[in-house]
Amino acid sequence: MFFTNDNMSMRPFCIFLNVLWGFLFFGCSGQRNQVPVTVYGNDIEIQLEQFTFISQDSVLELKSYSTTSYFEQDSIKGVISYNRFTHALDFMNLSGEKVISSIRLQREGPDGISGRINSICPVAIDSIWAYDGQFLYLINADGHVSNKLEFKNKEEIIIKTNHAMNTARFMYNGNNHSLLYLRHLNRIWMIEEYGFEQGTVINRYRLEYSVCNPMGEKSYADLEAPNINFSPQGIVYNYPYESTVYVLDTITRSTRMYGGASRYTSNFVKEFDAMDDYSAWRRHGVENTHFYDVMYLSDYNLFVRPHLGGADISLGKNFRELGDGRLLYLTFFDEHFNVVGEFCMERHKFSYFTGWCALPDALLLYEDNSL
């Protein structure tokens, strides 16, 4: 079992989907190389709440963010998001007045973070881990960098939030004083655990290949790397090109597989074989279903997975129009990974650039769509 640790005018800014709890049923697991059967529990209902945020005079906030993480410490609850235009971490307070503040990051010097932040893991108000593709930084509330970790062979480290590829989150484990993250080595996907006291990798957990790609040899263009998330049930992962959900128990090192089939879309992406055709590569990512990471809603002991249906390329629109014209679906699972609800969201309303974030009692969605 894996355990987690503990001015600007007003405008509509984000949306929360509050989840109403349903009954639990026992889940199922699939056999190796077989697609597991999707098991259904009692349906839940969802309700929509819209919140308007106002920013401080010094903050130039975005209408939507592609990299966002939930944060909670004592009575403070909120989300921390990376502002790519101001190179800052914007904090949206959820527990009091709906105000946005900002932590400005430096590009150079002892506190310099030169790259674009693509994953955030807040531990405390003065301990925010962030990764820019080069280093992992420990940042305090003033933007000071108190620790920095550089990986060897960093091209093998997959920590990112990318709407066209995958979402591989990392996590700080306070019990082991360690960080866990995805690594791709010799065609094997694994979770590495780096121990700060030891100054080296202390654990490696191998991930199963997809049931529809059992040898890991097939190509799916940008969709090949798994989505990674963490929960009390274990390391939860899934592949963007198919609907199965995988849960790795870090004690037994065994993997359970659960069906997560959608009633609305295709559940498997066709293999990509035009490796030298860039336009075909781009089309593949837009015309096919894309499954995103499975996120944990701790107050309800539920999981939620967004996914996008494919676009009709024959419509002849540009890629932005095709992308924002896709339909967003939310699939909810209970603690045994029975499907307890799947919802088709309003078209042309939300940001599909990974514009969502799990809260303990809701899913945050940014209202931002070019159409």
Side-chain angles (χ1 to χ4, degrees), residues 35 38 64-68 118-119 158 160-169 182 189 209-213 218-229 236-246 258-274 278-295 303-315 317-333 339 342-358 363 365-366 368-371:
V35 178
T38 300
S64 64
Y65 296 82
S66 61
T67 303
T68 301
N118 50 35
S119 193
I158 315 295
K160 70 170 99 176
T161 308
N162 189 309
H163 76 281
M165 301 177 75
N166 71 312
T167 297
R169 304 184 190 275
L182 177 66
W189 299 108
Y209 289 124
S210 161
V211 291
C212 63
N213 187 17
K218 297 180 181 180
S219 173
Y220 295 92
D222 279 333
L223 306 182
E224 293 185 350
N227 302 308
I228 303 295
N229 228 312
V236 183
Y237 65 101
N238 64 313
Y239 291 88
Y241 54 84
E242 59 110 350
S243 60
T244 304
V245 178
Y246 305 77
Y258 301 95
S262 169
R263 289 170 167 163
Y264 298 99
T265 68
S266 170
N267 289 290
F268 302 95
V269 172
K270 61 183 178 182
E271 189 177 356
F272 182 73
D273 56 7
Y278 177 68
S279 62
W281 187 289
R282 291 191 69 191
R283 288 198 305 271
H284 185 273
V286 175
E287 66 185 359
N288 284 290
T289 306
H290 187 145
F291 295 95
Y292 291 92
D293 60 319
V294 180
M295 297 171 281
F303 294 84
V304 59
R305 180 199 62 197
H307 80 276
L308 293 177
D312 185 356
I313 299 295
S314 67
L315 295 176
K317 299 179 180 179
N318 63 49
F319 278 97
R320 182 60 188 267
E321 287 182 292
L322 289 169
D324 273 2
R326 299 165 78 176
L327 281 170
L328 171 67
Y329 303 90
L330 302 178
T331 303
F332 290 86
F333 304 85
V339 174
E342 183 180 11
F343 304 90
C344 179
M345 306 306 293
E346 183 179 343
R347 188 188 290 270
H348 301 163
K349 187 166 187 176
F350 303 107
S351 169
Y352 298 154
F353 294 86
T354 55
W356 42 73
C357 176
L363 180 70
L365 292 165
Y366 293 110
D368 183 18
N369 189 290
S370 66
L371 304 178

*Using the side chain to side chain contact (heavy atoms under 4.5 Å, CB included) rule, take Asn213 and Tyr241 through it: C-alpha gap first, then chi angles, then the decisive distance, then the call.*
CA-CA 10 Å; Asn213 187 17; Tyr241 54 84; 3.4 Å; yes
Kindly say whether [Y] contributes a backbone atom to a donor-acceptor pair with the side chain of [X] at under 3.5 angstrom?
| X | Y | value |
| --- | --- | --- |
| Tyr264 | Cys344 | no |
| Asn166 | Pro226 | yes |
| Asn267 | Ser243 | no |
| Thr167 | Thr161 | no |

Heavy-atom pair with the smallest gap, counting every atom of [X] and [Y]:
| X | Y | result |
| --- | --- | --- |
| Tyr239 | Glu224 | CD2-O, 3.7 Å |
| Ser64 | Asp368 | OG-OD2, 2.6 Å |
| Ala168 | Ser119 | O-OG, 4.4 Å |
| Gly260 | Arg305 | O-NH2, 2.8 Å |
| Phe333 | Gly259 | CE2-O, 4.1 Å |
| Lys270 | Tyr220 | O-CD2, 3.8 Å |

_Glu321 side chain to Ser370 side chain, donor-acceptor N/O pair below 3.5 angstrom_ =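 Ser370 and Glu321 do not have a side-chain donor-acceptor pair below 3.5 Å.
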*asked:* Checking side-chain polar atoms at under 3.5 Å, does Thr68 have a donor or acceptor matched by the opposite partner on Tyr366?
replied: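 There is such a pair between these side chains.
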Check whether any side-chain heavy atom of [X] sits under 4.5 Å from a side-chain heavy atom of [Y], and report yes or no.
| X | Y | result |
| --- | --- | --- |
| Glu342 | Ser262 | yes |
| Val304 | Trp356 | no |
| Met295 | Cys357 | no |
| Val339 | Thr331 | yes |
| Thr354 | His163 | yes |
| Pro240 | Asn227 | yes |

*asked:* For Trp281 and Phe272, take the angle between the two ring planes, folded into 0 to 90°, and tell me which bin it lands in: parallel under 30, tilted 30 to 60, perpendicular over 60.
replied: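 If you compare the ring of Trp281 with that of Phe272, the planes turn out perpendicular.
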*Distance, nearest 0.5 Å, that separates CD of Glu346 from CG of Asn369*: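 One finds 10.0 Å between CD of Glu346 and CG of Asn369.
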*Point-to-point distance, once rounded to the nearest 0.5 Å, from CG of Asn162 to CZ of Phe353*: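 Reported value, rounded in 0.5 Å steps: 10.5 Å.
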_Any pair counted as side-chain hydrogen bond (donor to acceptor under 3.5 Å, both in side chains), so long as it reaches residues 284-294, sequence neighbours left out_ =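 Found Arg169-Asp293, Asn229-Asp293.
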*asked:* Exactly one of Tyr209, Tyr246, Trp189 should register a ring-ring contact (aromatic ring centres under 6.0 Å, His included) with Tyr237. Which one does?
replied: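 Among Tyr209, Tyr246, Trp189, the one that satisfies the ring-ring contact (aromatic ring centres under 6.0 Å, His included) with Tyr237 is Tyr246.
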*Pick out which of Thr265, Asn238, Leu330 makes a side-chain contact (heavy atoms from CB on, under 4.5 Å) with His307.*
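That would be Thr265; it is the only one of Thr265, Asn238, Leu330 passing the side-chain contact (heavy atoms from CB on, under 4.5 Å) with His307.
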*Do we get Arg326 above Tyr352's six-membered ring, with its NZ or CZ under 6.0 Å from the centre and within 45° of the axis?*
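Judged by the rule, Arg326 and Tyr352 form no cation-pi pair.
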